[in-house]
Asker: 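Here it is, the structure, as structure tokens.
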Amino acid sequence: MVTKSLQSIRGIHDGLPDDVRRWQRIEDVARATLTRYAFSEVRLPVLEPTELFVRSIGEETDIVSKEMYAFTDQGGDHICLRPEGTAGAVRAYLQGGLTRSGIQRWFYMGPMFRRERPQKGRLRQFQQIGVEMFGAAGPVEDVEMLAMAHAFLEGLGIPDLQLQVNSLGCSVCRPAYRDQLVAYLQERADTLCETCNERIDKNPMRVLDCKVTSCQAKLGDAPEMLDHLCDGCSAHFSDLRQGLDALEIPYIVNPRIVRGLDYYNRTAFEIVTDKLGAQGTVLAGGRYDGLVSELSGPATPAIGFAAGIERLAMLLDDVALERPDLAIVAIGDEVLSYSLKQAADLRQAGLCVVHCGGGGARRQFKMADRGYVRFVAVIGEDEMQAGKVTLKDMASGEQKLVKAGAVVAEVQAAS
Ligand code: ATP
Ligand code: MG
């Protein structure tokens, strides 16, 4: 055990081999799926100017007001560990001068940081697979984004996920709706929780997705954005639904999806599971047509989503460890160099090989056994002289002398 003062920060976990194997499976499926939709990977900084998130996510959101790891560095710059990927992606899009380069389809994978209360499925350092598309106003692209998210999760084979969609309106229809909602909430303010009360003026739509049961019970008849969409938003939403139907992607309309951040408009969606308690959203996103101009760029429609790798990993079936094909047991110091060369050659030929380090035969066999290898190649003085190895099939116990050059074929024939 590490001394308490040296342990990792609460809510920040190590990725040990068993974890990373699962994460890599998620990343592999994501990379394969997203690439098929013509998305390109970008690698963006973990450190960003604090101002970027204040300007984009909004000062009154939870993320900016209490969850950011922000500090002043030795040079006096205000810097933070990115809490999410979209703002940085927009910054990179603008800074890279890509606004006239046609539709940009990007994805990224990496750690995000939020000083939240640690609990199951809620970490302070977690990883996201994020996707952003700049320059397309939808709704066709919205459908494709959702189809892509669906294909990705289907590729992972996670059962019982539900796609939920909503429309958040736009600057034409939202203000009037917002006023109506605020009036409705103010009438009930004394029956709502403290957080809801704080949000009534700052971010009233977020009150609708308050997780407190008593609040939910009070809000059953709250006005919904969907009933107040302007013609443009209404057509966009119905085209989105038609597209999903045409692709036979199951979904429900959830008028309570609001997304936490200020910059979303029109299409909003989440993919949820009922297996992770309150932390059931594994993937979430939406359209954010106003953000690029908010960050001083030209008006540019955009849509994106992010999936939480750790939450997905909790839902994944066991990912089998890739067992080594072969272990090399070297008997006697005089064969050590030769056995190392054999190991190198076999790896060159594509096998996964562990060298058991020479020394006592018993210890080496025990090691091979613990590694669950399929074959053991024993190399002693006689084998070396003959250019052969004694190959033992650990499944059958069968053992035979084979030419060094024939080992690969023998192993491959067995698998
Ligand atoms: P939640 O409602 O669960 O707090 P969110 O709306 O804050 O999620 P986003 O900012 O949209 O989440 O992030 C997208 C995804 O990233 C989430 O759906 C979730 O899978 C994952 N995620 C977000 N915050 C955390 C966290 N603290 N720990 C682990 N995963 C997270
Ligand atoms: Mg959150």
Side-chain angles (χ1 to χ4, degrees), residues 8-15 19 22-23 26-27 30 53 56-58 60-69 80-90 107-132 145-146 149-150 152-153 156 158 161-166 168 195 199 203 205-212 216 254 256-264 267-288 291 302-316:
S8 73
I9 295 160
R10 222 159 69 84
I12 299 190
H13 293 179
D14 297 309
D19 305 306
R22 302 168 81 78
W23 298 347
I26 294 166
E27 291 161 4
F53 300 101
S56 61
I57 304 177
E60 63 288 352
T61 57
D62 286 352
I63 292 186
V64 171
S65 63
K66 29 186 202 241
E67 296 173 358
M68 277 211 294
Y69 283 98
C80 73
L81 292 162
R82 63 179 180 194
E84 56 98 44
T86 300
V90 172
F107 72 91
Y108 46 85
M109 307 178 182
M112 306 295 161
F113 305 82
R114 296 182 198 173
R115 198 176 183 290
E116 304 204 66
R117 192 168 71 77
Q119 52 196 295
K120 185 182 171 195
R122 198 173 288 293
L123 303 165
R124 289 176 166 181
Q125 174 173 345
F126 59 98
Q127 301 166 89
Q128 283 184 341
I129 296 173
V131 175
E132 319 288 349
M145 285 296 262
L146 287 169
H150 179 75
F152 159 48
L153 297 177
L156 283 176
I158 297 173
L161 293 175
Q162 187 183 52
L163 168 63
Q164 305 186 345
V165 300
N166 190 21
L168 302 178
T195 319
R199 285 177 177 158
N203 200 344
M205 287 173 81
R206 282 229 56 195
V207 176
L208 295 179
D209 83 337
C210 177
K211 301 286 188 300
V212 179
Q216 279 306 326
N254 177 359
R256 294 301 171 94
I257 292 179
V258 300
R259 309 296 306 121
L261 316 181
D262 284 354
Y263 53 63
Y264 286 102
T267 309
F269 54 95
E270 295 192 357
I271 297 182
V272 302
T273 172
D274 57 8
K275 303 209 166 55
L276 297 176
Q279 278 62 252
T281 306
V282 296
L283 184 153
R287 180 160 278 289
Y288 52 95
L291 183 57
I303 180 167
F305 67 75
I309 293 186
E310 285 83 356
R311 287 190 196 173
L312 288 172
M314 286 194 278
L315 300 171
L316 210 59

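First listed ligand is number 1; within each ligand, the first listed atom is number 1.
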Asker: Report yes or no: does Glu84 have a heavy atom closer than 4.0 Å to ligand 1?
Answerer: no
Asker: Run the salt-bridge test on Arg122 and Glu116 with the 4.0 Å N-O cut-off and return the result as yes or no.
Answerer: yes
Asker: Side chain of Arg22, backbone of Leu316: donor and acceptor closer than 3.5 Å?
Answerer: yes
Asker: Regarding atom 1 (P) of ligand 1: of the candidates Gln279, Arg122, Gln127, which has the closest heavy atom?
Answerer: Arg122
Asker: Out of Leu312, Leu123, Asp209, whose heavy atom sits nearest atom 28 (N) of ligand 1?
Answerer: Leu123
Asker: Do Glu270 side-chain atoms and Leu163 backbone N/O form a donor-acceptor pair below 3.5 Å?
Answerer: no
Asker: Would you indicate whether the side-chain heavy atoms of Leu153 and Ile271 approach each other to under 4.5 Å?
Answerer: yes
Asker: Considering both backbone and side-chain atoms of Ile63, is one of its nitrogen or oxygen atoms within less than 3.5 Å of a nitrogen or oxygen in ligand 1?
Answerer: no
Asker: If you take all heavy atoms of Ala313 and Ile26, which pair is closest and at what distance?
Answerer: N-CD1, 3.5 Å
Asker: Considering Glu67, Gln125, Arg114 one by one, which has a heavy atom nearer to atom 5 (P) of ligand 1 than any of the others?
Answerer: Arg114
Asker: Please state whether Glu116 comes within less than 4.0 angstrom of ligand 1, counting heavy atoms only.
Answerer: yes
Asker: What part of Thr281, side chain from CB on, backbone N/CA/C/O, both or neither, has a heavy atom under 4.0 Å from ligand 1?
Answerer: both
Asker: Within ligand 1, which atoms have a heavy atom of Gly121 less than 4.0 Å away?
Answerer: 28 (N), 29 (C), 30 (N)
Asker: Considering only heavy atoms from C-beta outward, does the side chain of Pro111 approach that of Gln128 to under 4.5 Å?
Answerer: no
Asker: What part of Gln128, side chain from CB on, backbone N/CA/C/O, both or neither, has a heavy atom under 4.0 Å from ligand 1?
Answerer: side chain
Asker: Val282 heavy atoms, cut-off 4.0 Å: which ligand 1 atoms fall inside?
Answerer: 18 (O), 20 (O)
Asker: Do the side chains of Asp209 and Arg199 get close enough for a salt bridge, i.e. N-O under 4.0 angstrom?
Answerer: no
